[in-house]
Amino acid sequence: MTTAPDRPTVDGLEAKWDQVWQRDETYRFDRTKSRAEVYSIDTPPPTVSGELHLGTVFGYVQVDAIARFRRMRGRAVFYPIGWDDNGLPTERRVQNLYGVRCNPALDYDPDLKIEADPNRKGRAPQRDVSRPNFLELCHQQTELDEKVFEQVFRDVGLSVDWNLAYATIDDRCRRIAQRAFLQNVAKQDAYIAEAPTLWDVDFQTAVAQAEVEDRPVKSSYVRLLFQRPDGSTVEIDTTRPELLPGCVAVVVSPDDPRYADLIGTELTTPLFNVAVPVLAHRLADASKGTGMAMVCTFGDNTDVIWWRELRLPLRSIINRDGRLRRAVPEWLSSGAGSFSSAEELWADFAGKTAAQARARIVELLTDASLVAGEPRPIEHDVKFYEKGDRPLEIVTSRQWYIRNGALDTELRNRLLRGAAELNWYPEFMQTRLEHWIAGLNTDWLVSRQRFFGVPLPLWYPIDADGVPIWSEPIVPEVERLPIDPQVDVPIGFDASQRGLPGGFTGDPDVMDTWATSSLSPQIVCGWTEDDDLFSRTFPMDLRPQGPEIIRTWTFSTMLRGILQHDCLPWANVSINGWILDPDRKKMSKSKGNVETPASLVADFGADGVRYWACRAGQGVDTAVDRGQMRVGRRLAVKLLNVSKFVLGLVSEDLQGGAVTEPVDLAMLRQLANVADRATASFDRYDYRQALDITEEFFWRFCDDYVELVKSRSYGSDDGARSAQAALAAALSVLQRLLAPMLPFVAEEVWSWWQEGSVHRAEWPTADSLTPQLAGLDESVTAAFDTAATILRHVRKAKTDAKKGMRWPVRLLRVQDSADVLAVLRRTLVDVQAAGTVAEVELVEAAEQSVTITLADEMPEQA
RNA sequence: GGGCGCUUAGCUCAGCGGUAGAGCACUCGGUUUACACCCGAGCGGUCGGGGGUUCGAAUCCCUCAGCGCCCACCA
């Protein structure tokens with residue numbers, strides 16, 4: 001316990017209290033508590049890649065307020081945090097920062113030393129390094145980044161237990177991710193299959209449906225002329241003429257009378273002269289284009305459906321690098337129109353990018369008069385990998401999948417039930433998850449052809465001909481996890497047998513980063529590693545997160561919970577809003593660099609920034625608003641000053657004394673209601689309303705109550721004792737009510753007169769004020785409002801007369817009902833002192849009026 | 001194409017069936033010994049448009065418009 005300084009300030013509170021909290025382990029989880037006494041939070045592990053975005057701080061602060069409330073309510077709060085460092089964002093950051101590129105063919109160089117260069121241009125030439133060297137750099141860089149992130153989180157006062165920190169690439173996470181995956185394999189919830197998948201041609205990896213986004217792209221329709229058996233032509237629109245050599249069929253709607261006679265016949269493709277069948281399918285839309293669609297393997301997801309359902313041949317044109325195949329397609333070999341040979345024709349396309357091939361093919365088609373009219377420019381949505389720069393292609397490849405209900409009604413319904421069983425804050429976010437589940441069209445593709453991730457923990461035997469037997473994976477013993485099949489050798493084999501006939505090969509892929517972060521509850525709660533901890537924390541209480549990862553993180557975590565434990569991993573989901581620029585546009589990168597969390601904390605204090613975040617409701621998109629932060633800072637400063645003042649008025653031995661005066665009792669009665677309403681708000685995760693209610697009362701406490709009673713509180717008579725007891729009780733309650741939102745200033749003022757941390761203090765409710773309210777007679781509950789109203793009249797009279805607040809009032813005349821006057825009479829000491837009123841006249845009458853007569857002059861001050 | 005959310009004072013937002021609210025901004029006034037990072041007072045809105053339910057609607061229903069977001073098999 002210290003005393004209030006002469007000139008209290010909010011500056012420097014962040015560093016001061018962070019240090020104390022760290023020293024005292026204020027937020028350490030008490031793992032002796034039972035499940036019912038624990039409140040466990042599944043905090044999102046932020047992606048560690050560069051600057052921590054203000055939007056991240058925004059959401060985390062809101063959750064922290066909830067965590068602090070639960071802690072003060074007596075729960076043992078289990079509040080871990082982790083870093084999501086595995087995955088493509090880190091790879092890309094390392095590539096750019098160090099100027100390297102992973103080349104798995106190279107050998108490890110133990111002497112390699114490369115320094116990060118933040119000023120490197122992202123496109124500058126890259127140096128090839130081995131896979132182990134590349135992974136080393138990834139680990140090295142994420143360690144640095146995580147330190148920076150931790151400091152920001154400490155600066156804004158997150159009350160996480162840093163002892164529980166984890167990283168999604170660390171040993172424990174790799175072990176748990178691999179173990180869970182192996183259990184999925186054992187239960188046949190995971191399977192390997194060769195199938196068309198969305199493919200990013202730059203990153204050279206398959207991607208999952210959840211990582212795909214639509215982007216508008218300028219394109220154009222080209223109207224191709226296909227030839228009927230009788231030599232006449234039909235017109236077919238396409239935006240991807242370069243796929244024409246991969247055309248396997250033409251589909252029409254079964255209900256389209258225009259083409260009914262064509263169904264079952266064959267057409268010949270322009271330029272390439274390949275015969276393709278005309279087939280009917282329900283997904284063909286008579287209203288799109290000319291009503292005929294050419295099916296290529298593959299242009300889009302519909303092509304995949306047609307290919308599968310109509311049992312069409314596979315004619316792959318695009319390679320995994322996004323370029324057209326080099327070898328002449330065998331189905332062209334029969335001849336190619338005006339070209340003397342298929343070879344001659346294909347020479348124009350082999351190795352070209354899709355865009356180059358498109359331009360060339362349109363040229364050739366136009367020259368040969370095989371198109372109708374000019375290309376018509378359009379803008380349409382095209383699928384992109386969310387982190388990619390070029391449109392996704394669809395290629396056939398062998399990949400691992402985890403069942404997610406897309407192809408399985410029973411699982412899908414179980415997931416939909418789960419979405420409905422969760423308590424959502426705000427409620428409408430539930431719909432987003434339900435729509436996502438209902439719209440899934442493929443199982444979850446979890447293998448990625450990347451490097452910095454959790455390896456798929458599998459090997460495959462190689463048969464006598466040197467071909468891997470994909471259907472018979474070799475599974476490691478769980479004690480060996482985590483393993484890297486590129487380095488580790490399966491039992492029963494020798495390292496020298498790697499890659500040889502009769503030997504083995506390690507799975508070269510890593511898992512989707514969500515395959516690890518979807519296990520965050522299992523990771524933090526110690527699944528399979530600490531059964532005691534697991535039983536005290538799982539299923540968890542709260543999953544807080546951003547709206548943009550409902551389809552990925554919320555969904556996949558729920559899926560893993562159901563597959564692994566047949567239960568939901570948490571009971572409540574809270575979705576924060578989106579951060580917008582001050583002009584209400586989505587927060588841009590450039591702005592993000594100006595309005596960094598650190599700079600805003602420097603300008604307004606952590607409590608100011610937190611106030612802004614806590615003023616925004618759950619799920620409500622919010623603009624960066626320096627004005628709100630300034631208001632928050634002002635509130636913090638006010639709490640410092642009023643605390644200092646009140647503590648100066650209150651003598652220590654009177655703090656717990658009896659409250660007897662009507663104004664004091666009435667104020668405490670109102671405060672008791674405030675505490676209960678704030679508690680109820682927090683109970684339904686509405687930190688915003690709790691702050692609103694508390695803040696509103698806090699200002700009335702400062703401006704009206706303290707002003708009314710400060711004069712009476714001097715001295716030691718009964719009136720003074722009552723005022724001091726009420727001031728102390730109210731101050732204690734208000735400091736605690738504000739602590740979840742303004743933890744630094746609340747801790748500071750608490751330390752001036754209380755032992756221990758305010759964040760470990762008991763949360764105030766109406767019950768906690770019962771002793772002070774023992775003398776309450778319900779007839780005086782209006783005393784505070786009555787006195788404050790009269791004081792307001794007096795202030796207005798002085799303001800209207802352009803006088804200062806100390807200007808004396810000669811006569812205050814109040815006309816009102818007997819009941820009101822009776823209450824008012826008992827508050828006159830305070831009203832007269834606060835309003836500098838000399839004489840009072842109370843008149844009983846049906847009509848209400850207040851008349852104030854100011855003195856003619858200001859008396860000389862002694 | 002489908003869905004979700006939003007539209008209230010100049011700005012940022014609360015209210016979500018019973019006579020329009022807060023903060024900021026603005027105007028005016030004030031050395032009130034906790035605070036000038038202050039105090040006091042004031043100005044300011046037919047609650048996006050239209051229709052309906054109701055004794056009564058910013059609040060419920062329908063519809064239209066604008067903005068934002070999510071999803072979609074994007075010929």
Sugar-phosphate only, base, or nothing, as touched by A:Val642 at under 4.0 Å among non-hydrogen atoms: base
A:Arg792 CZ to B:rC39 P, straight-line distance once rounded to whole Å: 14 Å
Separation of the P atoms in B:rG21 and B:rG15, to the nearest angstrom: 16 Å
B:rG29 phosphate, OP1 or OP2, under 4.0 Å from A:Lys796 side-chain N/O: no
Integer angstrom distance from the P of B:rA20 to that of B:rA58: 8 Å
Contact under 4.0 Å: A:Arg551 side-chain N or O vs B:rC71 OP1/OP2: yes
Euclidean distance for P, B:rC13 against B:rU7 (whole angstrom): 9 Å
A:Arg634 side chain near B:rC24 phosphate (N/O to OP1/OP2, under 4.0 Å): yes
A:Leu433 vs A:Trp424 side-chain heavy atoms within contact, under 4.5 Å: yes
Along RNA chain B (nearest heavy atom to each residue), the more 5'-positioned of A:Val620 and A:Val251: A:Val620
Complementary nucleotide of B:rU19, counting Watson-Crick and G-U pairs under 3.5 Å: none
Rounded distance in Å between the C1' positions of B:rA22 and B:rU8: 12 Å
Whole-Å distance separating the CG atom of A:Asp800 from the C1' atom of B:rG29: 10 Å
Protein-nucleotide distance (A:Trp807, atom CH2; B:rC39, atom C1'), rounded to Å: 18 Å
Polar pair under 3.5 Å, donor/acceptor by atom type, side chain A:Glu707, base B:rA34: yes
Any-strand Watson-Crick or G-U partner of B:rG29, both distances under 3.5 Å: B:rC39
Aromatic plane relationship, A:Phe555 with A:Trp436 - under 30° parallel, 30 to 60° tilted, over 60° perpendicular: perpendicular
Counterpart base for B:rG44, defined by Watson-Crick or G-U wobble contacts under 3.5 Å: none
Test side-chain hydrogen bond (donor to acceptor under 3.5 Å, both in side chains) applied to A:Tyr611 and A:Glu695, step by step: CA-CA 11 Å; A:Tyr611 174 89; A:Glu695 186 188 9; 2.7 Å; yes
B:rG1: pairing nucleotide in any strand, Watson-Crick or G-U under 3.5 angstrom: B:rC71
Sugar-phosphate only, base, or nothing, as touched by A:Trp699 at under 4.0 Å among non-hydrogen atoms: sugar-phosphate
Position toward the 5' end of RNA chain B (nearest nucleotide), A:Gly439 or A:Val631: A:Val631
Gap between atoms CZ and C1', on A:Phe645 and B:rC39 respectively (whole Å): 13 Å
Heavy-atom neighbours of A:Glu374 CD exceed 12 at 6.0 Å: no
d(OH, A:Tyr705; P, B:rC35) in whole Å: 20 Å
A:Asp300 bridged to A:Arg240 by N-O distance under 4.0 Å: no
Mutual orientation of the aromatic rings belonging to A:Trp612 and A:Phe58 [parallel < 30°, tilted 30-60°, perpendicular > 60°]: tilted
Whole-Å P distance, B:rG49 and B:rA65: 16 Å
Distance-only side-chain donor-acceptor flag, A:Gln62 / A:Tyr687, under 3.5 Å: yes
Residues A:Thr552, A:Glu211; criterion side-chain hydrogen bond (donor to acceptor under 3.5 Å, both in side chains); working and verdict: CA-CA 8 Å; A:Thr552 49; A:Glu211 297 169 294; over 6 Å; no
Pairing partner (Watson-Crick or G-U wobble, both distances under 3.5 angstrom) of B:rA65: B:rU7
A:Lys383 side-chain N/O to A:Leu392 backbone N/O, donor-acceptor pair under 3.5 Å: no
Rounded distance in Å between the P positions of B:rA41 and B:rG23: 10 Å
A:Ala690 to A:Ser681 - nearest heavy-atom pair and separation: N-CB, 3.7 Å
Phosphate-side-chain proximity, A:Asn641 and B:rC37, N/O vs OP1/OP2 below 4.0 Å: no
Among B:rC38, B:rG42, B:rG29, the nucleotide that comes nearest once only the side chain of A:Lys802 is considered: B:rG29
Under 3.5 Å on both distances, the Watson-Crick or G-U partner of B:rC60: B:rG52
Interatomic distance where CD1 belongs to A:Ile575 and P belongs to B:rG5 [whole Å]: 15 Å
Separation of the C1' atoms in B:rC35 and B:rG42, to the nearest angstrom: 23 Å
Candidates B:rG40, B:rA14, B:rG68 - which lies nearest the side chain of A:Asp692: B:rA14
Between C1' of B:rC71 and CG of A:Asn301, the distance in whole Å: 14 Å
Protein and nucleotides 1-4 of chain B: nitrogen or oxygen contacts under 3.5 angstrom:
residue	atom	partner	partner atom	Å
B:rG3	O2'	A:His435	ND1	3.3

Separation of atom CD1 in A:Ile790 from atom P in B:rG40, rounded to whole Å: 17 Å
Side chain of A:Cys702 (C-beta onward), nearest among B:rA34, B:rU33, B:rG40: B:rA34
